[in-house]
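Take a look at the structure set out below.
For the numbers below, each heavy atom of this structure counts, side chains included, while hydrogens, waters and symmetry mates do not.
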Amino acid sequence: MTDSADLPKLRQTVSERLPKRYRAEMRFRVAGLSAVGIAVAILLLLVGSITMQALPAFTVNQLVLPVQLSGDLVDPEGDGSEDSLRRGSYGRVLQDAVREQFPEVRDRRELRALFSLYTPLNSTRLMETVLADPGLVGETHEFRMPIADDLNLYLKGRLVADRTLEPVGTMAVSEAGRDFEVTAESEAFADLRDTVSGLLNQAADNLERRAATARERAGNLSGEDREDALYDAEDLMAEAAAVRSQAALENGWVEMSDSLPSILVETGETALRVTALSADGRSARAEAMLGGGAMSDVSDWSIYVIDTPESRRRVSDQLIVWTRALVRRGFVESGLNPYLFANADSREPELAGVKGALYGSILTMLITIILSVPVGVCTAVYLEEYAPKNRFTDLIEVNINNLAAVPSIVFGLLGLAVFINAFGLPRSTPLVGGLVLSLMTLPTLIIATRAALKAVPVSIRQAALAVGASKTQTVFHHVLPLAAPGILTGSIIGLAQAMGETAPLLMIGMVAFIADAPTLGLEGLTEPATVMPIQIFLWSSSPERAFVHSTSAAILVLLVLMIGFNALAIYLRRRFERRW
């Protein structure tokens with residue numbers, strides 16, 4: 001027993017320790033909440049960054065042009081038959097529609113650039129439109145087609161850094177030989193002149209640094225190598241001096257080049273590209289990009305500056321001028337991207353969609369569910385409820401646990417060797433993909449199902465047997481219904497993991513480019529297809545910049561599918577969960 005004389009000391013000790021315990025508990029709770037907050041913040045950052053990258057893929061800028069479907073071009077036989085319509089020159093129809101908007105373009109090289117406003121694959125879409133409605137032959141049809149992918153990014157403001165200046169006062173344009181001279185009432189070009197001079201001085205500094213590096217390198221060399229290094233240094237210094245002289249406007253003008261920002265003077269249907277800026281900041285030499293001709297006292301004009309040099313972008317100034325002209329004339333419309341979910345994969349980003357991969361994923365997962373869920377559940381029921389406990393069943397359990405830890409690419413190698421090479425099944429089909437994913441998912445389903453069966457209290461089995469139920473009746477009437485929430489949860493989570501697998505499907509050839517979506521039916525099981533993870537892999541390795549946004553959009557679609565699967569698992573678990 002505790003001496004009564006020690007009670008005050010014990011109370012004092014307890015009173016001193018309790019605040020420390022409370023503070024330690026508070027620190028632990030704060031640490032736990034902080035960890036959860038950091039995890040949620042990282043998740044939101046990840047999903048947010050993917051969403052921001054994906055937003056441009058959900059919208060598209062389309063050319064809406066009136067096309068003349070003359071019979072001699074789209075119906076060469078003149079009988080309106082399908083064979084005749086398929087032999088039509090639909091590419092020529094689209095070219096004529098674009099040339100009608102810019103009749104001044106006649107040079108072959110310029111025409112080639114003009115036709116790059118859209119992808120030639122749109123001619124196939126136009127043919128399908130005519131085949132669906134042959135009555136369009138001889139009529140003028142308003143045809144919609146996505147603008148080229150780089151120009152689509154430009155119109156979304158994601159390709160170049162640009163700005164528009166609104167000068168004060170009027171402007172006059174006079175012909176100066178083959179070019180023009182623009183004269184502003186105010187010093188409208190002064191800031192641009194200073195900007196260009198500063199960029200030229202920076203370029204001269206870089207050249208001088210390279211020359212100094214070449215001289216240092218020459219000091220460590222001898223013979224011809226030293227002479228070559230000194231020659232490079234002198235050449236760089238001469239180039240730097242020329243650039244420095246140009247930046248100083250020693251001849252009264254600073255010449256523009258494709259390594260400098262592009263400056264366009266726009267008014268109405270006229271666009272002039274500045275080729276030189278004067279020292280006074282009021283005049284500029286320019287060449288005609290659209291329209292042209294002498295003008296005086298023009299008050300409605302602007303200066304459009306593309307800060308990204310032409311040498312560092314995929315679209316030329318001329319393409320940008322034509323695109324802006326089409327926008328002003330109302331031939332470009334922006335809206336939701338109908339091709340993202342309506343088309344299969346394509347070499348052109350503006351026409352590429354996830355339909356083929358989505359259908360392939362559905363068919364592949366259908367085979368996986370049909371094979372893995374019944375076999376996995378039945379195997380787990382037998383091992384847990386019926387199989388005797390001996391060395392053989394212990395060996396089976398160990399192998400199942402080991403298979404669950406095998407890398408997924410090993411199952412891909414197994415599918416390649418057995419299903420394709422040995423059984424001769426077609427490569428890159430949902431049937432083979434589903435078989436491989438079934439093999440990979442089975443160990444996980446068996447382990448999850450056995451865990452759910454073990455969670456059912458033994459008293460349930462004993463009570464059923466006590467009232468006269470057989471072993472089979474006990475399992476199927478009592479144990480399985482009670483274990484159903486856990487079985488469904490484990491099955492759906494395992495299938496969701498299989499949906500996101502890439503490595504095993506790469507091994508069986510589902511990485512192939514598939515331009516047509518498989519049929520949603522039995523025949524589609526043996527048609528070439530791909531799945532969402534493979535589609536993401538293909539787009540992420542594509543060099544076109546527009547595929548970056550398509551990749552993020554496909555990731556979002558896959559995330560929605562995965563979240564849907566997990567939400568279904570949570571719902572089914574709560575729906576069938578029983579308490580005892």
_Tell me if a side-chain donor or acceptor on Ser84 pairs with a main-chain N or O of Gly80 at a distance below 3.5 Å._
no
task = Using a cut-off of 6.0 Å, state whether more than 12 heavy atoms not belonging to Tyr386 lie near its atom OH.
result = yes
Within-4.5 Å side-chain heavy-atom neighbours: Arg427 and Ile508:
no
Sidechain-backbone polar pair: Glu82 side chain, Leu131 backbone, donor-acceptor under 3.5 Å: no
* Asked: Would you find a donor on one side and an acceptor on the other, under 3.5 Å apart, between the side chain of Ser408 and the backbone of Ala503?
  -> no
Please determine, by modelled atom types, if Ser316 and Gln318 share a side-chain donor-acceptor pair under 3.5 angstrom. no
For Ser311 and Ser259 the tightest heavy-atom approach is OG-CA, 3.7 Å
- prompt: Are Asp83 and Arg87 ion-paired here, with the side-chain N under 4.0 Å from a carboxylate O?
  reply: no
Tested for side-chain hydrogen bond (donor to acceptor under 3.5 Å, both in side chains) against Gln535, the lone hit among Thr530, Asp345, Thr551 is Asp345
Q.
Please evaluate residues Leu85 and Tyr90 with respect to the criterion side-chain contact (heavy atoms from CB on, under 4.5 Å), reporting the C-alpha separation (whole Å), side-chain torsions for both, the decisive distance (0.1 Å), and the verdict.
A. CA-CA 9 Å; Leu85 294 178; Tyr90 297 95; 3.8 Å; yes
inquiry  = Tell me whether Lys156 contacts the main-chain N or O of Pro56 through its side chain, where contact means a donor paired with an acceptor under 3.5 Å.
reply    = yes
Report yes if some heavy atom in the side chain of Pro349 is under 4.5 Å from a heavy atom in the side chain of Glu544; otherwise report no.
yes
Just wondering, do Phe341 and Phe58 contact through their side chains at under 4.5 Å, heavy atoms? yes
Between the OG1 atom in Thr308 and the CZ atom in Arg314, the distance rounded to the nearest 0.5 Å is 14.5 Å
Q. How far apart are the C-alpha atoms of Met532 and Met499, what are their side-chain angles, what is the distance that settles it, and do they pass the side-chain contact (heavy atoms from CB on, under 4.5 Å) test?
A. CA-CA 8 Å; Met532 289 298 298; Met499 180 183 290; over 6 Å; no
Checklist entry - Does a side-chain heavy-atom distance below 4.5 Å link Val327 with Trp322? => result no
Is a side-chain N or O of Thr449 found less than 3.5 angstrom from the main chain of Ile446, in a donor-acceptor match? no
Value for CG (Leu65) from CG (Leu94), rounded to nearest 0.5 Å, stands at 8.5 Å
Open item on the list: Any donor-acceptor pair under 3.5 Å linking the side-chain atoms of Ser70 with those of Asp72?
Closed with: yes
Any Ser552 side-chain heavy atom under 4.5 Å of Leu556 side chain: no
Hey, does Leu414 have a side-chain heavy atom less than 4.5 Å from the side chain of Val410? no
Of all heavy-atom pairs linking Pro518 and Pro528, the shortest is CB-O, 4.3 Å
Separation between OG (Ser361) and CE (Met365), nearest 0.5 Å, reads 8.5 Å
Are Asn61 and Thr323 packed together at the side-chain level, in the sense that at least one heavy-atom pair is separated by less than 4.5 angstrom? no
Note to self: Around atom CG of Leu43, are there more than 12 heavy atoms from other residues, nucleotides or ligands closer than 6.0 Å?
What the structure shows: yes
Q. Hey, are Thr393 and Asn390 close enough side-chain-wise for a donor-acceptor pair under 3.5 Å?
A. yes
| said: Tell me whether the count of non-hydrogen atoms from other residues, nucleotides or ligands lying under 6.0 Å of CG in Asn421 goes above 12. | reply: yes
Discussion item. Using modelled atom types and a 3.5 Å cut-off, is there a donor and acceptor pairing between side-chain atoms of Asn122 and backbone atoms of Thr119?
Written reply: yes
We want to know whether Asn337 and Thr59 form a side-chain donor-acceptor pair, criterion being a heavy-atom distance below 3.5 angstrom. no
Of all heavy-atom pairs linking Pro430 and Leu363, the shortest is CB-CB, 3.6 Å
task: Report yes if the side chains of Val60 and Ser334 come closer than 4.5 Å at any heavy-atom pair, otherwise no.
output: no
Closest heavy-atom pair, Val436 versus Gly415, reported as atoms and distance to 0.1 Å, is CG2-CA, 3.8 Å
Could you check whether any side-chain N or O of Ser542 sits under 3.5 Å from a backbone N or O of Leu538, counting only pairs where one atom can act as donor and the other as acceptor? no
| said: Classify the ring geometry of His141 against Phe143: parallel below 30°, tilted from 30° to 60°, perpendicular beyond 60°. | reply: tilted
Does atom OH of Tyr359 have more than 12 heavy-atom neighbours, drawn from other residues, nucleotides or ligands, at distances under 6.0 Å? no
Next item on the list: Carefully, step by step, assess Ile400 and Leu403 under the rule side-chain contact (heavy atoms from CB on, under 4.5 Å).
Entry: CA-CA 5 Å; Ile400 290 174; Leu403 284 175; 5.5 Å; no
- [ ] Say whether, by atom type as modelled, one donor and one acceptor occur between the side chain of Arg347 and the main chain of Ala352 under 3.5 angstrom.
- [x] no
- request: Say whether, by atom type as modelled, one donor and one acceptor occur between the side chain of Ser372 and the main chain of Leu442 under 3.5 angstrom.
  value: no
Evaluate whether atom CZ of Arg461 has more than 12 neighbouring non-hydrogen atoms of other residues, nucleotides or ligands under 6.0 angstrom away. yes
Nearest heavy-atom contact between Pro504 and Leu437 is CG-CD2, 4.3 Å
Between Leu351 and Asn343 the two heavy atoms that sit nearest each other are O-ND2, 3.0 Å
**Asked** Are Glu527 and Thr519 close enough that a side-chain donor and a side-chain acceptor fall under 3.5 Å?
**Response** yes
For Leu44, does the CG atom have more than 12 heavy-atom neighbours from other residues, nucleotides or ligands under 6.0 Å away?
-> yes
Q. Sub-3.5 Å donor-acceptor pair from the side chain of Arg450 to the main-chain atoms of Val377, do we have one?
A. no
Rounding to 0.5 Å, atoms CD1 (Ile369) and OG1 (Thr364) come to a distance of 11.0 Å
Evaluation steps, side-chain contact (heavy atoms from CB on, under 4.5 Å), between Val160 and Asp307:
CA-CA 7 Å; Val160 299; Asp307 292 309; over 6 Å; no
- Task: Indicate whether the side chain of Gln62 and that of Tyr339 have a donor and an acceptor atom separated by less than 3.5 Å.
- Result: yes
